Amino acid sequence: MAADPIEDFANQLSERYRLHFDAALDRSRIAGDESRLRRVWETSFLSSHDFADEVAAFARLPRANYTELKRSSPLVGQFSRRFLRQTLAYPFQDEQGRAWLALADPWDQATTRAAELALGAPVSLVVAAYDDIALILRETLDDEEQEQAEAAIASRPDDIENLRDLASGAPVVRAVSDLIEKAIDMRASDIHVEPFRSGLVVRMRIDGMLRIVPAPNLLVPEAIISRIKILASLDIAERRLPQDGAARVRIGASDIDMRVATMPRQHGEAAVIRLLPRDRGLLDIRKLGFSPADERKIDRLLELPHGLVAVTGPTGSGKTTSLATILSRLNDPSRKILTIEDPVEYEIEFVNQSQVKPSIGLTFAAAMRAFVRQDPDVIMVGEIRDRETADISIHAALTGHLVLTTLHTETASAAVPRLIDLGVEPFLLRSTLRAVVAQRLVRILCDRCKKPETLDAATCANDRRYGALGLKVGDRIWRPAGCERCNGSGYRGRTGIFEVLEMTDEIHELIGAKADAREIDRAARASGMTTMFEDAVVKCLAGVTSPAEVLRVTTVR
């Protein structure tokens, strides 16, 4: 076997996928870390199963998947649970009674020797994915403390009061606080707490991507969920219906606003926590990611006395942040600004902000009807979801108000047929719609570890995606590498890519009962509109993001 098989494996993987692992390997070697292979995986952007396939092929060892491990007979009785969890090792025997050890890292000789000592016999190695081993261990190693706690809950008639006591106990309170603090440290926007048959799974959304983090150990999942519900002033006795709530907690020197949403599922309630730091400053419009040309268009739009401006994109594309930034730009004592949102994510001083409450009849449409009697200059409606809200928003724009709103459409041009589909008359749309801004969010390459690369003929020939992006031989791009600052992902933070569709006379002529988004898009591009895809490619060539990230969030038009 080679002197350093992990380094040889990483070099082979680098050549095949054009990746860089130097930082991860060097960092681990200095720290004396024994899990260097895991760092290579975390930096490789391969799925755990694809990575395990590569490891098995390189080490010339058999490969086992979760189903095969599940069918085997576990040999965990001779091992401590902590050892198995820390080393991610799963001992089992086959039908012939032969002992096997499933490892994600087959070069971990210390674990192999320890397993042979515990079993008193040689073991054969098999490679399995990190996720599969973690899952089979969770299913096999039943925690006695968890079983006892669950039994205690089930045996008492005052189930809810017992659960409330557990949720208020120091271990659960500390576990939830640590979870929120860790999310803040990792710059996560959301925490997903999800119970499954195998146990509690916690994931955090960092720069738009979900990442699994260690779940609290030896605690009843219901107690964790109940603690979250108590923080958000929700009813812990109601487990059959979804609930929404809010909370404010203090982590260190910062106040954090939380939006909590629970959902009953097959194996218990799940909770999603949206984290909104109160002391974050509103983004300057120059920092959102607009190109100079698009920024000038936005400046012109903000000078309009009335009309409708819509921001479009899917959930999580940054529409709320863009609208909040625009509102902060418009915010001055000479204007009265009213908003109706769901929920209020950014608190802006001197802006009158309201949150929808459908349970008491305060909907977007009801708020808009009240707004026009409040003598506003600018109205922001969080989203046009139905015909009534669309109709009131259009008439508010007709009567001398600047109305800002959001829609869920794929492109800027698709907003026109969407509004017509919601019941807006085309002649009213021609009179009121001033512009549509479509956007997405791309991850920003980490400044500390990104690697430059000049495209050569072989690279372009082997990967046709570069041609789809309009990149050619000689173009310089940047790739993610991974370091401590970005937690090995190669990315840190996000920026927007935009297309700003201004309503010109030519586009107005295309707004009819059967408006075609493709015709509107062609006319807008002919008049100088830069599409999101083109904006993303410019940012790619500037070293802001990577080609893979551009293709992840946009499509070629």
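In this chain, numbering begins with 1 at the start of the sequence shown. Bear in mind the structure is a predicted one, so any value in this text is a computation, not a measurement.
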Indicate yes or no: does E269 engage R239 in a salt bridge with an N to O separation below 4.0 Å. no
query = Should the pair R187-D207 be classified as a salt bridge under the 4.0 Å nitrogen-to-oxygen rule?
reply = yes
Side-chain ion pair, R300 and E303, N-O less than 4.0 Å: no
Indicate yes or no: does R525 engage E534 in a salt bridge with an N to O separation below 4.0 Å.
yes
CG of L407 to CZ of R418, rounded to nearest 0.5 Å, is 7.0 Å
message = Under 4.0 Å between a side-chain nitrogen and a carboxylate oxygen: does that hold for R203 and E194?
response = yes
CG (L404) and CG (L308) are apart, to the nearest 0.5 Å, by 8.0 Å
- Query: Hey, are the side chains of I285 and I298 touching, using non-hydrogen atoms and a 4.5 Å cut-off?
  - Reply: yes
Correct closest heavy-atom pair for M532 and E499 would be N-OE1, 3.0 Å
Problem - Carboxylate-amine/guanidinium contact K182 D185, below 4.0 Å - result: no
Nearest heavy-atom contact between D447 and R485 is N-NH1, 4.1 Å
The residue among D391, I392, I384 that forms side-chain contact (heavy atoms from CB on, under 4.5 Å) with E388 is I392
Q. Less than 4.0 Å between a side-chain N and a carboxylate O, is that true for K472 and D475?
A. yes
Rounding to 0.5 Å, atoms CD1 (I477) and NZ (K451) come to a distance of 14.5 Å
Closest non-hydrogen contact found for L275 with A188 is CD1-O, 3.9 Å
Ion pair check, R385 and D342, cut-off under 4.0 Å: yes
* Look at atom CD of Q266 and say whether more than 12 heavy atoms of other residues, nucleotides or ligands are closer to it than 6.0 Å. => no
_Salt bridge or not between D332 and R335? Use side-chain N to carboxylate O under 4.0 Å._
yes
Taking the side chain as C-beta and beyond, is there a heavy-atom pair between I340 and V356 under 4.5 Å?
-> yes
If the threshold is 4.0 Å, N to carboxylate O, is there a salt bridge linking R440 and E410?
yes
In short, A183 meets I191 closest at the heavy-atom pair CB-CD1, 3.6 Å
So CZ of F533 and OG1 of T555: to nearest 0.5 Å the spacing works out to 8.5 Å
| message | Check this for me, if you would: do R240 and E238 make a salt bridge, where the nitrogen-to-carboxylate-oxygen distance has to be below 4.0 angstrom? | response | yes
Quiz prompt | Close side-chain approach of T495 and K539, heavy atoms under 4.5 Å | solution = yes
Rounded to the nearest 0.5 Å, the CZ atom of R211 sits from the OG atom of S489 at a distance of 5.0 Å
Partner of I273 under side-chain contact (heavy atoms from CB on, under 4.5 Å), picked from L179, D190, I228, V176, is I228
Less than 4.0 Å between a side-chain N and a carboxylate O, is that true for R274 and D257?
no
Around atom CD of E506, are there more than 12 heavy atoms from other residues, nucleotides or ligands closer than 6.0 Å? no
The residue among I520, T409, D521 that forms side-chain contact (heavy atoms from CB on, under 4.5 Å) with V416 is I520
Separation between CD1 (I394) and CG (L419), nearest 0.5 Å, reads 6.0 Å
